[in-house]
Amino acid sequence: MHIYANPKRFLSLAKWLMPLLFWSGLTLSAGAVAWGLLMVPPDRLMGESVRILFIHVPAAWLGMGGWAGIAVSSAMLLIWKHPLAGISARAIAVPGMVFTAICLATGSIWGRPTWGTWWVWDGRLTSMLVLLFLYAGYIALVQATSREGGSPRIAAIFGLVGAVNIPIINRSVVWWNSLHQPPSITMGKSAIDGVFLTPLLSAVIGFSLLFGAIVLMRMRAIIAEAQVEARLKRRALDNDAPRRGNAGAGEPAMGGA
């Protein structure tokens, strides 16, 4: 990762990688969602509501994966002081929060016909709601430290501490008596029929590629904003230098006998 610590080298990589991720992700996710919404048959138990999973599952995956990315970037900032680590975490936060909100919204829509209610204080739902609040707190903290000139280490520590919630989300349906269904996909096996599994995995991969493209876009925008701000500050200092010199030349000389 230190190979790309130089922003110029990173930008040259992102220039060709970003459109590749974006268009491949858009094509794959759009095709997978269309496949899941229009072509797969209704589920034996869930009926037509099974189609929500082709958006809900990728959103849940990226909500959790986004915070895992923030935690990794935060660790890189704190341990190795990687120049782009803080920028990467900032870039991940907003799309991560959006996908978490989509997960909660689609979960509520799915829960209404399945559980008979829009919301229950279920372990999985509650821990995902906590994740949404963590994203909001992280974004507010980053904005405050940037505005006030605070240390980025504060947000990095918050990113690491918040990662405790990720295994709680993952294991919540196992640890507590939950209305939410248990894990359908585990290491080496799946309880999902192949007719649903193939488009579902395609949607997860497609949305993940889109997520990567969005993060690269935001990183480029943050770097560009920082470069513009640095140029403006440098120009302001250059403009102030002659004024200070003239002010100093106009002062009467002080001497003593």
| Is a side-chain donor or acceptor of Ser127 paired with a backbone partner of Arg124 at a separation under 3.5 angstrom? | yes
| message | Walk me through whether Met219 and Phe10 qualify under side-chain contact (heavy atoms from CB on, under 4.5 Å). | response | CA-CA 10 Å; Met219 288 183 71; Phe10 166 78; 3.5 Å; yes
| task | Using modelled atom types only, decide if a donor and an acceptor are shared between the side chain of Arg153 and the backbone of Ser74 within a distance under 3.5 Å. | result | no
| query | At their closest point, which heavy atom of Leu160 faces which heavy atom of Ala71, and how far apart are they? | reply | CD2-O, 3.4 Å
| CG-CD1 distance between Leu132 and Ile102, expressed to the nearest 0.5 angstrom | 11.5 Å
| field | Donor-acceptor under 3.5 Å (Ser88 side chain, Leu84 main chain) | value | no
| How far apart are the C-alpha atoms of Val33 and Phe207, what are their side-chain angles, what is the distance that settles it, and do they pass the side-chain contact (heavy atoms from CB on, under 4.5 Å) test? | CA-CA 10 Å; Val33 169; Phe207 276 107; 3.8 Å; yes
| field | Donor-acceptor contact below 3.5 Å, side chain Thr126 vs main chain Gly123 | value | no
| request: Using atom types as modelled and distance alone, determine if a side-chain donor or acceptor of Tyr135 lies under 3.5 Å from a backbone N or O of Gly63. | output: yes
| query | Does any N or O in the side chain of Ser12 come within less than 3.5 Å of the main-chain N or O of Arg9, such that one atom is a donor and the other an acceptor? | reply | yes
| field | side-chain contact (heavy atoms from CB on, under 4.5 Å) between Trp119 and Leu125, worked out | value | CA-CA 8 Å; Trp119 181 267; Leu125 273 67; 3.8 Å; yes
| field | Heavy-atom pair of closest approach, residues Gly25 and Leu209 | value | CA-CB, 3.6 Å
| Measuring from Met39:CE to Leu37:CG, what's the distance to the nearest 0.5 Å? | 11.5 Å
| What are the two closest non-hydrogen atoms of Leu77 and His82, and how far apart are they? | CD1-O, 4.0 Å
| task | With sequence neighbours excluded, tell me which residues meet salt bridge (charged side-chain N to carboxylate O under 4.0 Å, His left out) with Arg220. | result | none
| request: Ignoring hydrogens and angles, state whether a donor on the side chain of Trp61 or Ser208 is under 3.5 Å from an acceptor on the partner side chain. | output: yes
| Test side-chain contact (heavy atoms from CB on, under 4.5 Å) applied to Glu48 and Arg51, step by step | CA-CA 6 Å; Glu48 296 291 347; Arg51 305 185 192 281; 2.6 Å; yes
| task | Report yes or no: does Trp67 contribute a side-chain atom to a donor-acceptor pair with the main-chain N or O of Asn165 at less than 3.5 Å? | result | no
| Under 3.5 Å, is there a donor-acceptor pair between the side chain of Thr145 and the main chain of Val142? | yes
| Of the non-hydrogen atoms in Ala91 and Ile222, which two are nearest, and what is the gap between them? | N-CD1, 4.1 Å
| field | CE on Met128 to OG on Ser172, rounded to 0.5 Å | value | 9.5 Å
| Side-chain donor/acceptor of Arg218 to backbone N/O of Ile92, under 3.5 Å | no
| Between CD1 of Ile168 and CE of Met64, what distance do you get to the nearest 0.5 Å? | 12.5 Å
